[in-house]
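Chain identifiers are assigned alphabetically (A, B, ...) following the order of the sequence lines, protein sequences preceding nucleic acid strands; residue numbering begins at 1 within each chain.
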There are 4 protein chains.
Amino acid sequence: MSNNMFNEFLSSESVKLTVKQQRIVQAAIRLFAEKGYSNTSTAEIAKLAEVSEASIFKQYGTKDKLLLALIIPQFKEFFPSMADEVLGQLCRSQSTFEGFLREFLKNRIELALKNKEIFQIIIKELIYKEELKKELIPYIFEVAASRLTQVIELFKERGELTDIPTGKMLKSLFTFVGGFFASQLVLLNKESIDEQEIEDAVRFMLHGIGSSSSNN
Amino acid sequence: MSNNMFNEFLSSESVKLTVKQQRIVQAAIRLFAEKGYSNTSTAEIAKLAEVSEASIFKQYGTKDKLLLALIIPQFKEFFPSMADEVLGQLCRSQSTFEGFLREFLKNRIELALKNKEIFQIIIKELIYKEELKKELIPYIFEVAASRLTQVIELFKERGELTDIPTGKMLKSLFTFVGGFFASQLVLLNKESIDEQEIEDAVRFMLHGIGSSSSNN
Amino acid sequence: MSNNMFNEFLSSESVKLTVKQQRIVQAAIRLFAEKGYSNTSTAEIAKLAEVSEASIFKQYGTKDKLLLALIIPQFKEFFPSMADEVLGQLCRSQSTFEGFLREFLKNRIELALKNKEIFQIIIKELIYKEELKKELIPYIFEVAASRLTQVIELFKERGELTDIPTGKMLKSLFTFVGGFFASQLVLLNKESIDEQEIEDAVRFMLHGIGSSSSNN
Amino acid sequence: MSNNMFNEFLSSESVKLTVKQQRIVQAAIRLFAEKGYSNTSTAEIAKLAEVSEASIFKQYGTKDKLLLALIIPQFKEFFPSMADEVLGQLCRSQSTFEGFLREFLKNRIELALKNKEIFQIIIKELIYKEELKKELIPYIFEVAASRLTQVIELFKERGELTDIPTGKMLKSLFTFVGGFFASQLVLLNKESIDEQEIEDAVRFMLHGIGSSSSNN
DNA sequence: GATGAATGAGTTTTCATTCAT
DNA sequence: CATGAATGAAAACTCATTCAT
């Protein structure tokens, strides 16, 4: 997987797919999500899609590019958009950080659940494939951090957050939110995540589990 | 990987390994950690270990069993022992939950770093291999939860923790601590984790990022 | 490649080609010459010609027929014409065998260089493809030998040639001229062949490298 | 085929081959000689050798390396040895260049016929595969030319050869001898080459076909 | 205990070719 | 005339595993 493959896909336009090509996409997503990229053969994909293997390679060239073609569009939607479409609105419409966090989580969870399988693929391969990791992790950090930093500092000024350095806050939030998505979507393979679960997560991120009297 | 394979290994005694066998173990660990089980061939392992492939199969029978033979002992040490050897002592010796959490994290991190590669394998395959997931996740929950529950309730009685239900606390802690290990060890591939990092994590778990005045 | 395919092409009239069809021809020639027929895919040809693969098959039916369609016309021009257009004129206009040989070589080299790529294809495939060899070698011998025999015997009568049997002379000349074309066009991939080179070749064919005193 | 692959093979020691591995070699030689490298599949080789395809790749890694493993040893024997073992002896034992040429040709033809199939492969692929050409042609020139130059100049001093520059003589001889081997071994696929044929070739190289009176 | 030799069953990928539009 | 879509068949190559020595 070459260095520029990621960028190449980032800018690729979505083309109209034939019925068979859509079946390929569906089959690949299902199998990659279930068994992982490395444990899925193109023959299996072709069989599930009721298509010849040649059709897969005609369209995507290599198995690797097929993976990226599935992942990247979703990736683009989940991360960058977070800033402009989502953050912008949420941030203003919600008067409190708690509200923002709740809406943000709900929103991202909804998106992730709607494309659960692709998310499973992303998380699995992000952790499993060194090359993918090296390409995507920096991207995630850059994009996500730059926007969230603004939000955090906005609410810091409003006095809703402690005076822990923003960088540390980001790290902690990333860790927890990442762990949340990984455990809910991949480890537990949840079909849905109810309100209460989100509420608990928000509460944990804001106040932890210590009693308020034990604050330092 | 059959159902009872896990148990079989759990109870197996550690046998003395020949030099060559040790080299196999070392090579397998390095490669599985780096590239993942599915992307590592027995031929590669044999080559790195400077051993014949046949020797691997003589000892372990299948590639699958080799994986388990590497994972399980570490797994046993990390999780179950957590209760008796570690928890017990820590819990009593530390007067506060914060102290306990700090020592607990330090202790587990130290162990994980000392066997970083095996931990990377465990995390990667836990997420990647459906069968492994199904075998280990319930085990982790059962063992870890049962002991931690005791600790949490002890400190709850001492008033150091909020009155959130213990189950929810456990979930949140699992999520964060799991995310912490996954991101530090696998995604960031850290060689060491400094005190401050641990301090920040403990603080987050206890108090979150919200200002104390915003407590509900 | 069926037996009669060769003959079929030999008699086929050249049809007007559309622009796209010409691009196919150009692309095929370039690639076959460079990499050989067997190492060139129809996909590559189509890509270089900026044409769909289907267009190639529409016109030529099979990859094999495409090869023949490229080779045969050139072949017809190089060999049979040798007799009538070239030999006839040259033979009469030149008073000496040396002059004839020089003009003949010049003339054939000029033609071969003008169509170097096709010549490379012919030589490469003549040597590589058993079927082609079996079809073309006898043809070459028959056509070329029949005419050259006349010339040689004409000059033998004039006393310009030794009394070696004509057949042997032909063989030697074939061997040298064939080797000359193969080495210059294919092995050395020369763009041009200067006068001196031709002079040296003619001299060698006529007198060899032995000193005249060592004649037997 | 990488640049250093050639050198790698040049220095490789001949290892003992098992019966099956010998069958692979035999089968590959036969098929490559008959149909050419590019038109022979590893499956065919395996079938003819009554061996699994995997065995081929276990031993040679790639089809390319198999080709080189067949070609290079023969190549080494045919060209470099020409100098020391052959040339040295021949040159001294024969009093005339004609004698030398005759013995030289006989000797090389004998060797080539004994390994006719490998020679067919070498000639075919030398002409067909650009990469092989680029690796071997310079080698041939360097090795062969350096030794032959000595011989030619020795006999020039003895007055047995004309005063044509040695370089030109070499070129002509190469052209003819190359053409001779290519046509006899590959185009005509001769099983044997009789004395008379060699005699004719020698005579041609020394005196050409022109009558002695027409010398310039 | 160790290994060289061998392989069946796959794996990814390529290719010439067809056909409906 | 031209092509996008599709593919069966085969290509090169890989892999976990077996077994006689």
Side-chain angles (χ1 to χ4, degrees), chain A residues 15-21 23-24 38-46 49-66, chain B residues 17-21 23-24 38-46 49-66, chain C residues 17-21 23-24 38-46 49-66, chain D residues 15-21 23-24 38-46 49-66:
Chain A
V15 208
K16 281 278 162 280
L17 294 177
T18 64
V19 181
K20 295 210 175 192
Q21 282 160 357
R23 288 213 307 265
I24 291 174
S38 299
N39 299 324
T40 302
S41 72
T42 50
E44 282 175 287
I45 296 170
E50 292 178 291
V51 154
S52 75
E53 272 191 90
S55 294
I56 297 174
F57 285 94
K58 201 80 180 187
Q59 181 80 358
Y60 297 100
T62 65
K63 196 187 162 194
D64 237 39
K65 285 186 188 164
L66 168 59
Chain B
L17 295 177
T18 66
V19 181
K20 297 212 173 193
Q21 297 296 349
R23 286 216 306 268
I24 292 173
S38 298
N39 300 323
T40 302
S41 70
T42 51
E44 282 175 287
I45 297 170
E50 291 176 295
V51 154
S52 74
E53 272 190 271
S55 294
I56 296 174
F57 287 93
K58 195 77 169 189
Q59 180 79 1
Y60 297 99
T62 66
K63 194 187 163 194
D64 239 34
K65 286 185 188 162
L66 169 58
Chain C
L17 295 178
T18 66
V19 181
K20 296 212 173 194
Q21 296 297 348
R23 286 215 307 267
I24 292 174
S38 298
N39 299 323
T40 302
S41 69
T42 51
E44 283 175 286
I45 297 170
E50 292 176 293
V51 155
S52 74
E53 272 189 271
S55 293
I56 297 174
F57 287 93
K58 194 76 170 187
Q59 181 80 0
Y60 298 99
T62 67
K63 195 187 162 195
D64 239 35
K65 286 186 188 161
L66 168 59
Chain D
V15 207
K16 283 278 162 279
L17 294 178
T18 64
V19 181
K20 296 210 174 190
Q21 283 159 355
R23 287 214 307 266
I24 292 173
S38 299
N39 299 324
T40 303
S41 73
T42 51
E44 282 175 287
I45 297 170
E50 291 177 291
V51 153
S52 74
E53 270 190 271
S55 294
I56 296 174
F57 285 96
K58 200 81 179 186
Q59 180 81 356
Y60 298 99
T62 65
K63 196 187 162 195
D64 238 39
K65 286 186 187 162
L66 168 59

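Counting any heavy atom pair closer than 4.0 Å across all strands shown, Thr42(C) reaches a base atom. Backbone-only engagement by Thr40(B) is indicated by non-hydrogen atom pairs under 4.0 Å involving sugar-phosphate atoms exclusively. Base contact: Ser55(D) has a heavy atom under 4.0 Å from a base atom.
Nucleotide dT17(E) holds its C1' atom 13 Å from the CD1 atom of Ile45(C), rounded to whole Å. Put simply, CD on Glu44(B) is 7 Å from P on dC15(F), counting in whole angstrom units. When the C1' atom of dA16(F) is taken as reference, atom CG of Asn39(B) falls 15 Å away, rounded to whole Å. Look at NZ on Lys63(D): it is 22 Å from P on dT12(E), rounded to the nearest Å. If you take OH of Tyr60(C) and P of dT3(F), they are 14 Å apart, rounded to a whole angstrom. Atom NZ of Lys65(A) and atom C1' of dT13(E) are 12 Å apart (whole Å). Whole-Å rounding puts the Ile56(C) CD1 to dA2(F) C1' distance at 12 Å. One atom, CD of Gln59(A), and another, P of dT14(E), lie 15 Å apart when rounded to the nearest Å.
The shortest distance between the side-chain N/O atoms of Lys20(C) and the OP1/OP2 oxygens of dA2(F) is not below 4.0 Å. Taking 4.0 angstrom as the limit, Ser41(D) places a side-chain polar atom (N or O) nearer than this to OP1 or OP2 of dA11(F).
Both Val19(A) and Gln21(C) sit near DNA chain F, but only Gln21(C) has its closest nucleotide nearer the 5' end. Residue Thr18(A) is the one, among Thr18(A) and Phe57(D), whose nearest nucleotide of DNA chain F lies closer to the 5' end (criterion: closest heavy atom).
The shortest distance between side-chain heavy atoms of Gln59(D) and Leu17(D) falls below 4.5 Å. Side-chain contact check for Ile24(A) versus Lys20(A): every heavy-atom pair is 4.5 Å or farther apart. Side-chain contact between Thr42(B) and Leu66(B): absent, with no pair of heavy atoms (C-beta onward) separated by less than 4.5 Å.
Val51(D) approaches Arg23(D) most closely through the heavy-atom pair CG2-NH2, 4.0 Å. When all heavy atoms are compared, the tightest approach of Ser52(D) to Ala46(D) is C-CB, 4.0 Å.
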Which dot-bracket string describes DNA chain F (Watson-Crick N1-N3 plus N6-O4 or O6-N4, or G-U N1-O2 and O6-N3, all under 3.5 Å; [ ] crossing; | other strand)?
-> .||||||||||||||||||||

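Under the side chain to side chain contact (heavy atoms under 4.5 Å, CB included) criterion, Lys58(B) pairs with no residue, sequence neighbours left out.
Taking OG of Ser55(A) as the start and CZ of Phe57(A) as the end, the distance is 11.0 Å to the nearest 0.5 Å. Here the straight-line distance linking atom OG1 of Thr62(D) with atom CD1 of Ile56(D) works out to 11.5 Å at 0.5 Å rounding.
Side-chain atoms of Gln21(C) and Thr18(C) form no donor-acceptor pair, as typed in the model, at a separation below 3.5 Å.
Nearest nucleotide to the Ser52(C) side chain, out of dG4(F), dT7(F), dT17(F): dG4(F).
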Pairs under 3.5 angstrom, nitrogen or oxygen only, protein versus nucleotides 19-21 of chain F, please.
none

